[in-house]
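None of the values given here were measured: they were computed from a predicted structure.
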Amino acid sequence: MAAQPEPTNFAPTEHLSSEAVAAFADDRLPPTARDRALRHLGQCPECMDELHVQRSARYALRHSGPIRMPGTLAEKLAQLAEAERAGQDRTHGHQETAPSRVATPDPARRPSLGARLKSWFFPG
């Protein structure tokens with residue numbers, strides 16, 4: 001079966017996703033996807049601006065020097081990990097309990113790790 005030709009014009013709904021822009025900036029796109037992204041970037045100033053922002057952020061992070069984690073953050077992350085393990089153990093018949101500060105609801109209804117971290121560091 002012959003490959004369909006690539007479109008030469010892109011509608012606004014066909015912008016690169018933020019994940020694709022980040023992968024492009026990190027040089028992690030497969031060759032075919034990279035070629036499509038290059039064609040799109042050549043025609044879309046909005047996506048090119050997003051790529052510039054992504055590359056600037058990448059540069060800033062790589063040249064920012066060592067980043068130290070506050071001890072309280074390490075402690076809270078360890079508590080989250082322990083609560084996660086305790087929740088998994090309960091689903092396998094074990095009766096361990098999580099630390100009293102951390103609720104471990106039914107795993108099917110548990111918020112994502114990102115949401116839990118956000119609630120720890122930005123309560124309210």
* Structure fact -> Rounding to 0.5 Å, atoms CZ (Arg28) and CD (Glu19) come to a distance of 10.0 Å
* Does Ser64 have any side chain to side chain contact (heavy atoms under 4.5 Å, CB included) partners at least two apart in sequence or in another chain, and if so, which? -> Ile67
* Set of side chain to side chain contact (heavy atoms under 4.5 Å, CB included) partners for Ala81, sequence neighbours left out -> Arg85
* Hey, could you give me each pair passing ring pair (Phe, Tyr, Trp, His ring centres under 6.0 Å) that has a residue in residues 54-86? Not counting sequence neighbours. => Tyr59-His63
* Kindly write out the residues that satisfy side chain to side chain contact (heavy atoms under 4.5 Å, CB included) with Arg55, not counting sequence neighbours, or none if the list is empty. => Phe24, Ala25, Leu51
* Non-hydrogen side-chain atoms of Leu29 and Arg36 separated by less than 4.5 Å -> no
* To do: Go through the structure and list residues passing side chain to side chain contact (heavy atoms under 4.5 Å, CB included) with Ala22, not counting sequence neighbours.
  => Gln54
* Structure fact -> One should read off an interatomic distance between Leu16 CG and Cys47 SG, to the nearest 0.5 angstrom, of 4.5 Å
* Structure fact -> dist Glu50:CD -> Leu41:CG (nearest 0.5 Å) comes out at 9.5 Å
* Asked: Hydrophobic clusters join Ile, Leu, Val, Met, Phe, Trp and Tyr when side-chain heavy atoms are under 4.5 Å apart, directly or via other members; which others share one with Leu61?
  -> none
* Side-chain contact test, heavy atoms from C-beta onward, threshold under 4.5 Å: evaluate it for His40 versus His15 and give yes or no. => yes
* With sequence neighbours excluded, what pairs up with Arg58 under the side-chain hydrogen bond (donor to acceptor under 3.5 Å, both in side chains) test? -> Asp26
* Between atom SG of Cys44 and atom CZ of Arg39, what is the distance when rounded to the nearest 0.5 Å? -> 14.5 Å
